Amino acid sequence: MSIDANLNRIRAWRHHKGFAIYRLATMAGVNEAAIRKIDSPEWNPTANTIRKFEAVIPADFMTAANDTGCPDQAAKADRGDDQTRAA
């Protein structure tokens, strides 16, 4: 999974839950300043910060949500399905 995909899923989970930036920062144990730009394309967290978010976001959301942030539908590429072949 790419870094951009992880960032999109972190954002999507926050919006899905309706969490304020402060609440997500507190849950992940990071400084609010570290994620102040979370909804901006300029957000550039460290790998350590991303791991802290991954620790509080349910694993099934991180693996099943597609890159646009929809938690209800897994992206084909994420599942590794080859949708071009017949079963």
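Note that the structure is a prediction, hence the values are computed from the model and not measured. Note: hydrogens, waters and symmetry copies are ignored here, and every other heavy atom, side chains too, is used.
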Asker: With rounding to the nearest 0.5 angstrom, report the CZ to CD distance, F61 to E54.
Answerer: 12.5 Å
Asker: Could you work out, with salt bridge (Lys or Arg N to Asp or Glu O under 4.0 Å) as the rule, every residue matching R14, not counting sequence neighbours?
Answerer: D39
Asker: How long is the straight-line distance from CD1 of I57 back to NZ of K52, given to the nearest 0.5 Å?
Answerer: 14.0 Å
Asker: Taking atom CD1 of I50 and atom CZ of R9, what is their separation to the nearest 0.5 Å?
Answerer: 12.5 Å
Asker: Would you mind writing out the side-chain donor-acceptor pairs for residues 27-36 within the sub-3.5 Å range, not counting sequence neighbours?
Answerer:
from	atom 1	to	atom 2	distance (Å)
N31	OD1	A33	N	2.7

Asker: Just checking, is any N or O donor in the side chain of R11 or N8 under 3.5 Å from an acceptor N or O on the other one?
Answerer: yes
Asker: Could you tabulate the donor-acceptor pairs under 3.5 Å formed by side-chain atoms of residues 19-26, not counting sequence neighbours?
Answerer:
from	atom 1	to	atom 2	distance (Å)
T26	OG1	Y22	O	2.9

Asker: Just grab all the side-chain hydrogen bond (donor to acceptor under 3.5 Å, both in side chains) pairs involving residues 41-51, residues at least two apart or on different chains.
Answerer: S40-E42, T46-T49
